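Before any comments, here is the structure.
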Amino acid sequence: MKTIYLIGFMGAGKTTVGKALGRYMSVPVFDTDEVIERKEQLTINAIFEQHNEAYFRELETKILQEIPTENAVVTTGGGIVCKHENRIFLNNNGVVIFLYADEDEIVKRLEQDESRPLLKGDKKEKIVELYGERLPIYKEAADYLIDTTGKEINEIVKEISICLNLS
Ligand SMILES: Nc1ncnc2c1ncn2[C@@H]1O[C@H](COP(=O)(O)OP(=O)(O)O)[C@@H](O)[C@H]1O
Ligand SMILES: O=C(O)C1=C[C@@H](OP(=O)(O)O)[C@@H](O)[C@H](O)C1
Ligand SMILES: [Mg+2]
């Protein structure tokens with residue numbers, strides 16, 4: 001089975017849904033952020049502070065290309081689609097599912113979260129600005145779009161399984 005890549009904005013549920021999807025499909029799950037943090041022995045926040053975003057993006061591309069392209073679920077960081085090279089790799093190596101959630105839902109889910117360096121400061125303003133820039137990119141990069149707004153994790157996993165004829 002070709003690897004399933006989950007893309008979408010911060011807070012769309014990629015990491016959470018991906019873990020549940022991997023359990024449902026009995027395949028390993030690779031979260032690009034988690035792989036990077038383990039390799040660097042630094043949190044994403046610390047990588048941005050001690051190095052910079054460009055350093056993180058180089059790591060992200062390298063890690064993406066090291067993760068198996070068969071029989072796995074890969075949960076990506078929200079900015080991975082911003083690099084054309086990454087979009088080409090995703091498209092060539094797996095099935096790309098865009099986990100959509102509307103802006104208000106994203107804001108709600110990330111209200112208490114301080115783990116995303118790009119949302120430091122006025123979180124809502126940053127979300128509106130970044131999401132506005134990226135929404136067309138997610139849509140263009142995806143094979144399928146799943147709306148996660150107001151849905152439970154298992155409901156989203158079920159929708160993905162139907163989408164991919166897994167059930
Ligand atoms: N469908 C959902 N409904 C409600 N909360 C969700 C849903 N999916 C994820 N969350 C919550 O939103 C936050 C971000 O989820 P996460 O999986 O880290 O998203 P991403 O990896 O896309 O940034 C977490 O607190 C998670 O529990
Ligand atoms: O959208 C982005 O640029 C980012 C999303 C994050 O992952 P999540 O989408 O899992 O939060 C993480 O890769 C980093 O903070 C950058
Ligand atoms: Mg994540």
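One is the number of the first residue; the rest follow in order along the sequence. Quick caveat, the model's predicted, so the values are computed rather than measured. One-based numbering, in listed order, for ligands and for the atoms of each.
When hydrogens are left out, the protein atom nearest atom 16 (C) of ligand 2 is Arg57 NH2, 3.9 Å; that is the closest non-hydrogen contact. The single protein non-hydrogen atom nearest to atom 7 (O) of ligand 2 is Asp33 OD2, 2.8 Å, given as residue, atom name and distance. Scanning the protein heavy atoms around atom 10 (N) of ligand 1, the nearest turns out to be Arg109 CD, 3.9 Å. Looking only at protein heavy atoms, the nearest one to atom 11 (O) of ligand 2 is Arg116 NE, 2.8 Å. Closest to atom 15 (O) of ligand 2 among all protein heavy atoms lies Pro117 CD, 3.6 Å. Summary of contacts: the protein heavy atom closest to atom 1 (N) of ligand 1 is Lys151 O, 2.8 Å. If you check which protein heavy atom lies closest to atom 9 (C) of ligand 1, you get Gly13 CA, 3.6 Å. With respect to atom 2 (C) of ligand 2, the closest heavy atom belonging to the protein is Gly79 N, 3.2 Å.
For atom 24 (C) of ligand 1, the nearest protein heavy atom lies 4.0 Å or farther away.
By the 4.5 Å heavy-atom criterion applied to side chains, Phe56 and Glu40 are not counted as neighbours. Annotation: side chain of Glu85 is in contact with side chain of Gln65 (closest heavy-atom distance under 4.5 Å). No side-chain heavy atom of Thr3 sits less than 4.5 Å from a side-chain heavy atom of Asn71. At least one side-chain heavy atom of Leu42 sits less than 4.5 Å from a side-chain heavy atom of Gln50. Looking only at side-chain heavy atoms (C-beta outward), Tyr144 and Val95 come within less than 4.5 Å of each other. By the 4.5 Å heavy-atom criterion applied to side chains, Ile97 and Leu99 are counted as neighbours. You'll find the side chain of Tyr5 stays beyond 4.5 Å of the side chain of Thr75, heavy atoms only. Two residues are said to be in side-chain contact when any heavy atoms from C-beta on lie closer than 4.5 Å; Leu118 and Glu53 meet this criterion.
Listed by number with element, the atoms of ligand 2 under 4.0 angstrom from any heavy atom of Gly77 are 7 (O), 9 (O), 13 (O). For ligand 1, the atoms sitting less than 4.0 Å from at least one non-hydrogen atom of Phe9 are 22 (O), numbered in the order shown with element in parentheses. Below 4.0 Å from some heavy atom of Thr16 lie the following atoms of ligand 1, by number and element: 15 (O), 16 (P), 17 (O), 26 (C). Here is the list of ligand 1 atoms found below 4.0 Å of a heavy atom in Ile153: 1 (N), 2 (C), 7 (C), 8 (N). Heavy-atom contacts of Ile156 reach the following atoms of ligand 1: 1 (N) (cutoff under 4.0 Å). Atoms of ligand 1 lying under 4.0 Å from any heavy atom of Met10, numbered from 1 in the order shown and given with element: 23 (O).
Other residues, nucleotides and ligands contribute more than 12 heavy atoms inside 6.0 Å of the CD atom of Glu70.
By the criterion of a heavy-atom distance under 4.0 Å, the side chain of Leu118, and not its backbone, is placed next to ligand 2. Counting heavy atoms closer than 4.0 Å to ligand 1, residue Asp31 contributes nothing at all. Counting heavy atoms under 4.0 Å from ligand 2, residue Arg134 touches it through the side chain alone. Residue-level proximity to ligand 2 for Glu34 is absent, since no heavy atom of it falls below 4.0 angstrom. If you look at Arg116 next to ligand 1, the close heavy atoms, those under 4.0 Å, all belong to the side chain.
Ionic pairing of Glu58 and Lys62 is not present here: no N-O contact between side-chain nitrogen and carboxylate oxygen is shorter than 4.0 angstrom. Taking a cutoff of 4.0 Å between a charged side-chain nitrogen and a carboxylate oxygen, Arg116 and Asp33 do not qualify as a salt bridge. Using a 4.0 Å cut-off between a side-chain N of Lys or Arg and a carboxylate O of Asp or Glu, Glu34 and Arg38 do not qualify as a salt bridge.
Close N/O approach between Ile44 and ligand 2 is not found [any backbone or side-chain N/O within under 3.5 Å]. Ligand 2 has a nitrogen or oxygen under 3.5 angstrom from a nitrogen or oxygen of Lys14. An N or O contact shorter than 3.5 Å links Gly78 to ligand 2 by distance.
Excluding waters, the set of protein N/O/S atoms under 2.8 Å from the Mg ion (ligand 3) reads Thr15 OG1.
Only one option out of Asp147, Val81, Asp143, Leu135 pairs with Phe98 in a side chain to side chain contact (heavy atoms under 4.5 Å, CB included); it is Leu135. A salt bridge (Lys or Arg N to Asp or Glu O under 4.0 Å) with Lys123 is found for exactly one of Glu114, Glu129, Glu111, namely Glu114. Residue Lys124 is tested with Leu119, Val107, Leu110, Ile106 for a side chain to side chain contact (heavy atoms under 4.5 Å, CB included); the sole match is Val107.
The closest approach between Gly11 and ligand 1 falls below 4.0 Å for a heavy atom of the residue. Heavy-atom separations between Glu37 and ligand 2 are all 4.0 Å or longer. Residue contacts with ligand 2 do not include Glu53, since none of its heavy atoms lies under 4.0 Å from the ligand. Ligand 1 has Ala12 within reach: a non-hydrogen atom of the residue lies less than 4.0 Å from it.
With distances taken over non-hydrogen atoms, the option nearest atom 20 (P) of ligand 1 out of Lys108, Lys19, Glu105, Lys14 is Lys14.
Thr76 approaches Leu6 most closely through the heavy-atom pair OG1-O, 2.7 Å.
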Worked check of ring-ring contact (aromatic ring centres under 6.0 Å, His included) between Tyr138 and Tyr100 = CA-CA 9 Å; Tyr138 294 127; Tyr100 171 82; 9.5 Å; no
Trace of the side chain to side chain contact (heavy atoms under 4.5 Å, CB included) decision for Leu21 with Val27 | CA-CA 8 Å; Leu21 183 62; Val27 296; over 6 Å; no
Check residues 7-17 and write down every donor-acceptor pair under 3.5 Å in which the side-chain atom is one partner and the other belongs to a residue at least two apart or another chain.
from: Lys14; atom 1: NZ; to: Gly8; atom 2: O; distance (Å): 3.0
from: Lys14; atom 1: NZ; to: Phe9; atom 2: O; distance (Å): 2.9
from: Thr15; atom 1: OG1; to: Asp31; atom 2: OD1; distance (Å): 2.7

